[in-house]
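Atoms within each ligand, like the ligands themselves, are counted from 1 in listed order.
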Amino acid sequence: MRIGVLTGGGDVPGLNAAIRAVARRGFVYGYEMRAVKNGWGGLVEGNIVPLTRSMVSGILHVGGTILGASRVNPFRDKAVVRVCLENFHEFGLDAIVAIGGEDTLGVATRFYEEHQMPVVGVPKTMDNDVIGTDYCIGFDTAVTTVTDALDKLHTTASAHHRAIVVEVMGRHAGWVAIIGGLAGGADYIFTPEVEGSLKDVCEHLKSRWRQGSTFSIIVVSEGAKIREIEYSEEELGDKDEFGHVRLDRRGLGETVAREIERRTGFESRCVVLGHLQRGGSPTVFDRVLATRLGVYAIELVKEGKFGYMAALQGNKVVPFPLKEATSGIKTVDVELYELAQTFF
Ligand code: F6P
């Protein structure tokens with residue numbers, strides 16, 4: 001058996017741990033492993049090379065991905081899909097393990113459903129929004145970074161009696177904002193799931209000040225919905241091959257900080273955590289999750305259980321249909337947001 005491995009979408013710490021796990025388990029079964037470079041782009045371009053044991057040695061703790069990543073979507077064009085199918089056969093692949101989030105796994109689903117390509121998935125995204133798995137690789141490391149940042153920002157906010165707005169990633173789901181905010185003691189959180197308003201946050205901050213709290217930390221998910229703030233298509237610029245706009249262009253955190261200062265008179269600052277959330281060494285949780293999911297993906301290949309992804313449910317790794325996993329987005333339950341509100 002010759003198995004290709006690819007990592008698509010935004011990188012996260014833990015990808016290398018997953019690649020290592022896939023490869024090492026593959027070697028146990030005597031499979032030949034292939035590195036499909038730069039996500040689905042590697043299949044489009046035929047950028048596929050042997051993945052050797054030495055290539056996956058010493059990478060468990062290293063962020064990024066030795067395979068490279070991209071947001072290439074072969075389904076943007078039928079001719080490109082055809083090239084991918086040809087390359088799959090030309091390079092003698094018997095299966096592909098696709099490690100990615102909704103977009104990368106969405107492509108895997110379509111190759112499997114529409115072209116019977118033998119694929120299995122491994123869910124990774126710091127957004128943690130893939131259906132069917134409790135956790136995606138990269139999320140734990142990202143929220144650990146957010147929590148660390150909030151701890152540090154508390155002391156400077158307190159020293160200067162300021163409101164500090166912290167913008168975090170999270171396109172459609174507020175997992176990073178809510179879990180990071182809970183762990184880091186945020187005084188207010190804006191997320192994509194629950195529409196917030198500048199009026200509410202300002203009233204809340206004023207009431208905190210009246211009660212003696214002369215500083216506040218406000219976490220804003222980059223994809224948050226805020227009643228008084230709207231962006232035109234033009235302001236957001238070009239879309240990527242999956243139809244996503246670049247949310248960092250919204251500058252939502254900066255707008256919120258400016259509005260808080262204007263409406264309340266409290267001195268405010270904004271910190272955008274950005275790609276720091278996707279850097280560094282994976283946490284213990286992400287290393288172990290990536291290792292378990294990667295090993296399980298090869299078990300799925302061995303059993304010929306294609307069209308599934310390895311998923312964590314409770315403490316068990318189970319098969320989960322890719323079609324269902326990519327049928328929508330796993331957003332945060334309102335109950336969890338309400339729990340976080342207890343501490344506002
Ligand atoms: O898709 C994951 C994600 O981290 C989003 O939260 C964020 O909007 C996006 O990637 C940013 O991606 P890029 O690397 O293209 O700036």
Distance alone, cut at 3.5 Å: any donor-acceptor contact between the side chains of Asp11 and Thr65? no
If the condition is ring-ring contact (aromatic ring centres under 6.0 Å, His included), which residues does Trp175 pass it with, not counting sequence neighbours? none
Results of side chain to side chain contact (heavy atoms under 4.5 Å, CB included) for Ser70 - residues two or more places apart only: Asn38, Val72
Atom pairs, nitrogen or oxygen, ligand 1 to protein, under 3.5 angstrom:
residue  : atom   : partner : partner atom : Å
ligand 1 : 4 (O)  : Arg278  : NH1          : 3.1
ligand 1 : 6 (O)  : Asp127  : OD1          : 2.7
ligand 1 : 6 (O)  : Asp127  : OD2          : 3.2
ligand 1 : 6 (O)  : Gly170  : N            : 3.3
ligand 1 : 6 (O)  : Glu222  : OE2          : 3.1
ligand 1 : 8 (O)  : Glu222  : OE2          : 2.5
ligand 1 : 10 (O) : Arg71   : NH2          : 3.0
ligand 1 : 10 (O) : Arg278  : NH1          : 3.0
ligand 1 : 12 (O) : Arg71   : NH2          : 2.8
ligand 1 : 12 (O) : Arg278  : NH1          : 3.3
ligand 1 : 14 (O) : His275  : NE2          : 3.3
ligand 1 : 14 (O) : Arg278  : NH1          : 3.2
ligand 1 : 14 (O) : Arg278  : NH2          : 2.7
ligand 1 : 15 (O) : Arg71   : NE           : 3.3
ligand 1 : 15 (O) : Arg71   : NH2          : 3.4
ligand 1 : 16 (O) : His275  : NE2          : 2.9

Would you please classify the geometry between the Tyr135 ring and the Phe285 ring as parallel, tilted or perpendicular, with 30° and 60° separating the classes? perpendicular
Tyr112: which residues meet the ring-ring contact (aromatic ring centres under 6.0 Å, His included) condition with it, sequence neighbours left out? none
Run the side chain to side chain donor-acceptor pair (under 3.5 Å) test on Glu299 and Tyr29 for me, step by step, so that the C-alpha distance in whole Å, both residues' side-chain angles and the decisive distance to 0.1 Å come before the verdict. CA-CA 10 Å; Glu299 293 304 312; Tyr29 293 132; 2.5 Å; yes
